[in-house]
Amino acid sequence: MKVLELKNIYKTYKIAGNQEFLALKNINISFDKGELVSIIGESGSGKSTLMNLIGGLDSDFQGELLYNGKNIGAFKESELVDYHKENIGFVFQSFNLISHLNLLDNVAMAMTLSNIDAKTRNKRALQVLTDVGLKDHVYKKPDQISGGQKQRVAIARALVNDPDIIIADEPTGALDSDTTDQVLAIIKGIAERGKLVVMVTHSDKVAAHSSRVVRVDNGEIVEDRDREPIHHIQEKNIEKANSKNKNLSFFSAMRLSLLNMKEKFSRNMLVAFGSSIGIMSVILMLSLGNGVTSYITDTMNSFVNPEVIEVNKPAETKDDTASENLSIQEQQQAQQAQMMNMFGGAEPFTNSDIEKLEEIEHVTSAEKGYSLTALGSNSVSYQDNETMIMQFISTSSNLMDSNLTEGEMPKEGEILVSNMLAEALNEDIIGKSIDVNIVVDEKKITESFQVSGVYESTGNAVYMSYSDIESWFSEEGVELEPNVLYLHADDADNADFIKEQVKNLGYTGSAQETMASMFTEMLDILTYVLAAVAGISLVVSAIMILVVLNISVVERTKEIGVLKALGARKKDIRRIFVSESFLLGVFGGLIGTVLTYLIGIGLNHFTNKLFDVSIIQTMPTYILSGIGISVIISMIASFLPANKAARLDPVESLRRE
Ligand code: ADP
Ligand code: MG
């Protein structure tokens, strides 16, 4: 039985306007093992068309094409792929090596596509490269070698899976006469080892080396002439690696993508950088939310008694129509009053205020308090050491023993200092007498008190019982009015209800609460901004990846054609492009993480100085979700280009210049 038999083959190309072009007419020919057949003929006579049919690259024809008696035309995709991988080796005029792979990888490609392990395929590739005399060049890239060497690599690639048929379409067309001889000698050697070599050529000199010359003209065989038969030599047995029905492995696809991406490093890095901005926004958004939430919970809950509700009275706010008639100075004063009010204790409570608040359901009692907040005018001094204090405030049941870091709650004539203040005084301060200097009613007053303990809170603060403050002030001729009220709830669970009622009555909660709600508002705005940035940039990065992969498909059309000729399935091609975008996604995610980290350091440095808190608190899960989102988006974006690549027609891709 002949290796190849062509019976009544017709091939028509469909061209624009429903026209058809008959490229092959009634081809009847068969080929045997060990033949070296030269196909000659004018340009356009149908030689390449014939080669593509024989090679199984084009199954759209009429007639029968039998390989060892099996009809190729009726092959399923998987059978055709195996035919490419195992029975056919292609050699092209323009070499068609893959430029970003070294010679070893180029030659091993057919085996990589069959998922044969690296050791076996490299050994085999090295062997065939040695056979064609390129042992010393295996780690070079195709553009580092000459044309003759390139064609030898292409021949090695065609031989690597030890096929029965070698199809060479003008293999010497791009070579000078010296290298032509070398390449011809190698091709002849292949036929001598018992393989069928079908070679298209223009040159009579090349044809003269073959055992048979077939002339094609205008799509028909016009001459079939035998020449001297090839002298066969005993072929050394090559163990064929078993590769039935195996796909390109994920690992190999990743490696191929990485090698290709390395070639276009800066472009890929730019894309990854571009997509990292969206990821960064996502991670920042989550980290910021986390940081602010934990800050608020920390400050709100740890320093105060959950059963006690602090109430402040806001400064009289005039209605809008009135404020329009205010002078600029008056408006500024009102603003300042509001600012001070935010820190608590701006407006004194009247008795009717207190009665109103005591009537709220679940309130058991109201405790008077006093709070004086100022920046710069109040201080404490101990020996020569003077330190500014931000808050001078009455003790109340809002303070909890559990927050005492040292000493005890103050008794008559004693004061409590905050831990920050204790540190600032730089002394073992408990039991010592320190001077408290404050300004009330535009009057500077000073008195010495003994420190009973250190209380954990934020900022520099001095605490003294309300009655002590009252008697101290009256000595100085200042009347003390309560400007803070502490409402006691019958149960901590009712605190939220009471807070709500307090607000409904037109009072405000503690300064921390006001700050916290301001923070939450700011956070909400920031979150919206970041979410918008994240959303937009994720869409943009998806489009960017889509465009880049599309460009990549166009750039690599020929490479895809080669891969298909070597036996790549649609799945394999898709996998190469999907891994490329997977890697882009991973890189984008990693860059986004690094950017978030750097921005986080900067912002935290800033907020630590201002508020003693790290506002960006990143957790591993945020980073993972950032990278995850990045990968998912790029995979989605790769869907269209990868499919486009997978669907490319090998014959057309290879024809592309
Ligand atoms: P050769 O390799 O002998 O130079 P080809 O086999 O490439 O010739 O082409 C044979 C004929 O078929 C030419 O006239 C060419 O224009 C035509 N042809 C080849 N490919 C196509 C195609 N995809 N669509 C239409 N016509 C084609
Ligand atoms: Mg041609």
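Residues: numbered from 1 along the sequence shown. Order of appearance sets the numbers: ligands from 1, and atoms from 1 within every ligand. On a predicted model such as this, the values are computed, not experimentally measured, just so you know. Hydrogens, waters and symmetry mates play no part in the numbers below; they use all other heavy atoms, side chains included.
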Testing the 3.5 Å rule here: is there a donor-acceptor pair between the side chains of [X] and [Y]?
X: T596; Y: Y622; result: no
X: D176; Y: T179; result: yes
X: S634; Y: S581; result: no

Which is it for S48 and ligand 1 at heavy atoms under 4.0 Å: side chain, backbone, both or neither?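 Both backbone and side chain.
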I need the contact type for T49 against ligand 1. Using non-hydrogen atoms and a strict under-4.0 Å cut-off, is it side chain, backbone, both or neither?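 T49 to ligand 1: contacts from backbone and side chain alike.
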With nothing but distance in play, are any N or O atoms of [X] less than 3.5 Å from an N or O of ligand 1?
X: K14; result: no
X: I15; result: no
X: A23; result: no

If you define the side chain from C-beta out and look only at heavy atoms, does anything of M51 sit under 4.5 Å from V198?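 With C-beta onward as the side chain, the pair touches.
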Salt bridge between [X] and [Y], side-chain N to carboxylate O under 4.0 Å?
X: D164; Y: K33; answer: no
X: K564; Y: D649; answer: no
X: E263; Y: R556; answer: no

Can you pull out the closest protein heavy atom to [atom]? Residue, atom name and distance to 0.1 Å, please.
atom: atom 17 (C) of ligand 1; value: F21 CE2, 3.8 Å
atom: atom 19 (C) of ligand 1; value: Y13 CE1, 3.3 Å
atom: atom 1 (P) of ligand 1; value: G44 N, 3.5 Å
atom: atom 3 (O) of ligand 1; value: K47 N, 2.8 Å

Would a 4.0 Å cut-off, counted as strictly less than, catch a protein heavy atom around atom 22 (C) of ligand 1?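 True for atom 22 (C) of ligand 1.
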Using 2.8 Å as a strict upper limit, say whether an N, O or S atom of S48 approaches the Mg ion (ligand 2) that closely.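 Yes - counting backbone and side chain alike, S48 has an N, O or S atom under 2.8 Å.
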Proximity flag S43 to ligand 1, non-hydrogen atoms under 4.0 Å: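 In this structure, S43 qualifies as a contact of ligand 1 - some heavy atom is under 4.0 Å.
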Consider ligand 1: state whether an atom of it lies below 4.0 angstrom from any non-hydrogen atom of R655.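 Yes.
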For residues R575 and A253, report the shortest heavy-atom separation together with the two atoms involved.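 It is CG-CB, 3.9 Å.
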Where I277 and S537 come nearest, the two heavy atoms and their spacing: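 Shortest heavy-atom contact: C-OG, 4.1 Å.
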